[in-house]
Amino acid sequence: MKLIFMGTPAFTLPVLEALSKKHELLAIYTRAPKPAGHGMKLTKSAVHEWGDAHNIPVYTPATLKEELVQKEIADMGADAIIVYAYAMMIPTAVLNCTPKGCINIHPSLLPRWRGAAPMVRTIQAGDNETGVSLMRLDEGWDTGPVFGQEKVAIAPDETPESLRDKLNPLAVDMLMNLLDNFYEPTPQSEMGACYAPKVEKTEFLIDWSLTASQIERNIRAFEKCYFILNGKRVKVLKAKVLDGTGATGTTIDDKLQVACGKGILDLEILQKEGKNSTSKHDFLLGTKVPKGTNLCAIN
RNA sequence: CGCGGGGUAGAGCAGUCCGGUAGCUUGCCAGGCUCAUAACCUGGAGGUCGUGAGGUUCAAAUCCCACCCCCGCAA
């Protein structure tokens, strides 16, 4: 089939790779290069780099709302548009400009976790399972009819990255199968629908009044949670939930066990700002954190 | 020129401001003690202090210059 791919981050590459082997990629649409990294250098998206490397035309319009852009897409004569983490509003004209429409990979069991951050929110919520939904985009936010779904269990130590590794192969299989044997999707139910809002950076500062298990899930889901120690950010990259009580937000010993709203959180892997990540053991060699240290303080 | 932290023993850090014997903790090796230990005691190895036969100096981890690399914020 003749396809157009729309996507941006690196984790969409396996899908792109698979598509390129069995189908004809007419064009890639992705986010325009933007300043990123320490030097704020203009950086192309992973998908953009891939397209360059494989000699596939890459387009980076700031919006798809302009008629010229829409006409450009329609004139390519694609059979379908594959959308995976494109992070851009797709207007009706584009939704309907190919025979088979815009086919979207959504990493959740729709209608649960519609929206921007389904994998993060499903881990944060402590769900036991999630999955991939293959759907046709419509005007709503992930409300379109579904071609199919595959479930996976969420492991106790799941992170968005590990989850992607589980979901991606499923997504590839489902998508390839659909393209080989095209069939019509069935409408989504509204039962159990919920939204996965975009992650805000204010969510990264650890609120020790939450339960230890909730904080632990946040640590895994966001992978950027931190507290302030001696005026510096300390990221917590891995932690373990223990039983026990103590003054909320303070250490109950000199080994980085912190009392939470409920339970104790044992901090296992940490990273001081400007430094690489370290095990608890290494961290404590250079930074003493005596019993009773309050980690709630902002300064 | 986005803002900022950092590179010193295998690891995590102090020392740099104010130049003068290379330090701490841990790990490792050997020995001792102990029913036992992530316990304790004794001894030991391990360093081109990111790079530059750079600059200044009697003397540079420390001051000056250039470059390389890592990271936090931000995006």
Side-chain angles (χ1 to χ4, degrees), chain A residues 6-13 28-52 58-64 84-89 115-117 119-120 159-161 164 196-208 215 218-244 251-258 264-299:
Chain A
M6 297 184 174
T8 296
F11 66 78
T12 65
L13 292 181
I28 288 174
Y29 279 73
T30 188
R31 190 211 63 214
K34 67 171 184 179
H38 304 296
M40 291 297 270
K41 288 188 201 112
L42 221 52
T43 308
K44 290 179 178 179
S45 75
V47 166
H48 194 150
E49 296 281 5
W50 189 95
D52 285 352
V58 176
Y59 298 83
T60 60
T63 171
L64 302 182
Y84 190 13
Y86 185 41
M88 202 176 294
M89 160 70 188
M119 288 187 287
V120 169
T159 63
E161 194 181 355
R164 272 198 287 270
K198 196 172 82 175
V199 175
E200 299 289 340
K201 59 189 170 188
T202 53
E203 298 180 79
F204 299 153
L205 180 61
I206 294 175
D207 176 359
W208 297 105
I215 296 172
N218 287 356
I219 287 167
R220 272 189 291 125
F222 299 140
E223 299 180 291
K224 286 183 178 185
C225 289
Y226 67 94
F227 59 89
I228 303 288
L229 181 67
N230 303 326
K232 304 219 168 183
R233 286 187 186 216
V234 179
K235 264 196 215 171
V236 182
L237 300 174
K238 190 164 186 284
K240 188 166 60 186
V241 177
L242 303 174
D243 289 330
T251 52
I252 61 165
D253 59 12
D254 59 359
K255 297 209 169 8
L256 290 173
Q257 300 200 352
V258 188
I264 301 292
L265 204 60
D266 183 28
L267 311 184
E268 297 184 309
I269 299 181
L270 307 96
Q271 180 176 20
K272 242 196 291 197
E273 67 178 74
K275 297 292 194 175
N276 286 312
S277 65
T278 60
S279 65
K280 172 213 292 272
H281 177 264
D282 287 352
F283 183 88
L284 289 173
L285 289 177
T287 308
K288 298 303 170 200
V289 186
K291 177 179 179 178
T293 303
N294 187 330
L295 303 182
C296 297
I298 301 296
N299 52 2

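In the text below, chain A, chain B and the rest are named by the order of the sequence lines, each starting its count at 1. Below, each value reflects all heavy atoms present in this structure, side chains not excepted, and no hydrogens, waters or symmetry copies. Nothing here was measured: the structure is a model prediction, and the numbers come from that model.
Nucleotide B:rC3 is matched to B:rG72 when pairs are restricted to Watson-Crick or G-U wobble geometry with both distances under 3.5 angstrom. In this structure, B:rC58 forms a base pair with B:rG20, meeting either the Watson-Crick or the G-U wobble geometry with both donor-acceptor distances under 3.5 Å. Under the Watson-Crick or G-U wobble criterion, with both distances below 3.5 Å, B:rC35 is left unpaired in every strand shown. Across the strands present, B:rA9 finds no partner; the criterion is a Watson-Crick or G-U wobble pair with both atom distances under 3.5 angstrom. Pairing for B:rG43 goes to B:rC29, judged as Watson-Crick or G-U wobble with the two contacts each under 3.5 Å.
We find that NE2 of A:H38 is positioned 14 Å from P of B:rG5, with the value rounded to whole Å. Separating the NZ atom of A:K198 from the P atom of B:rA75 is a distance of 10 Å, rounded to the nearest angstrom. Atom NZ in A:K34 sits about 10 Å away from atom C1' in B:rA74, given to the nearest Å. Atoms CG (A:D254) and P (B:rU25) sit 16 Å apart, rounded to a whole Å. A:Q271 has its CD atom 14 Å from the P atom of B:rC70, to the nearest Å. Between the CG atom of A:L270 and the P atom of B:rC71 there is a distance of 18 Å, rounded to whole Å.
Taking atom P on both nucleotides, B:rU25 is separated from B:rA36 by 27 Å, rounded to a whole Å. Comparing the P positions of B:rG47 and B:rU8 gives a spacing of 14 Å, expressed to the nearest Å. A distance of about 29 Å separates the C1' atoms of B:rA9 and B:rG4, rounded to the whole Å. Straight-line distance between the C1' atoms of B:rU51 and B:rG7: roughly 11 Å, to the nearest whole Å. For the P atom pair drawn from B:rA60 and B:rC49, the interatomic distance equals 12 Å after rounding to whole Å. Between B:rA59 and B:rG54, the distance separating the two P atoms is 13 Å to the nearest Å. Only the C1' atoms considered, B:rG10 is 13 Å distant from B:rC29, to the nearest whole Å. Comparing the same atom, P, in B:rU42 and in B:rC33 gives a spacing of 15 Å after rounding to whole Å.
Distance alone, capped at 3.5 Å, places no donor-acceptor pair between the A:N230 side chain and the A:K232 backbone. In terms of modelled atom types and a separation under 3.5 Å, the side chain of A:K240 and the main chain of A:D266 share no donor-acceptor contact. Formation of a donor-acceptor pair under 3.5 Å by the A:W50 side chain with backbone atoms of A:L13 is not found in this model. A side-chain donor-acceptor contact under 3.5 Å links A:E273 to the backbone of A:R233. Remark: the backbone N or O of A:T251 is not paired with any side-chain donor or acceptor of A:T293 at under 3.5 angstrom.
Phosphate contact (OP1/OP2 of B:rA75, side-chain N/O of A:K201, threshold under 4.0 Å): present.
Below 30°, between 30° and 60°, or above 60°: for A:Y84 and A:F11 the angle between ring planes is above 60°, a perpendicular geometry.
Heavy-atom nearest nucleotides on RNA chain B were determined for A:K288 and for A:K235, and the one closer to the 5' end corresponds to A:K288. Position along RNA chain B of the nearest nucleotide to A:M40 versus A:E273 favours A:M40 as the more 5'-ward residue.
With sequence neighbours left out, A:Y86 forms a ring-ring contact (aromatic ring centres under 6.0 Å, His included) with no residue at all.
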Indicate every side-chain donor-acceptor pair of residues 198-206 of chain A with a distance under 3.5 Å to a residue at least two apart or in another chain.
{"unit_1": "A:E203", "atom_1": "OE1", "unit_2": "A:R121", "atom_2": "NH1", "d": "2.9"}
{"unit_1": "A:E203", "atom_1": "OE2", "unit_2": "A:R121", "atom_2": "NH2", "d": "3.0"}
{"unit_1": "A:E203", "atom_1": "OE2", "unit_2": "A:E200", "atom_2": "N", "d": "2.7"}

N/O-N/O pairs, protein side and nucleotides 10-14 of chain B side, under 3.5 Å:
{"unit_1": "B:rA11", "atom_1": "O2'", "unit_2": "A:D282", "atom_2": "OD1", "d": "3.3"}
{"unit_1": "B:rA11", "atom_1": "O2'", "unit_2": "A:D282", "atom_2": "OD2", "d": "2.5"}
{"unit_1": "B:rG12", "atom_1": "O2'", "unit_2": "A:D282", "atom_2": "O", "d": "2.6"}
{"unit_1": "B:rG12", "atom_1": "O2'", "unit_2": "A:G286", "atom_2": "N", "d": "3.3"}

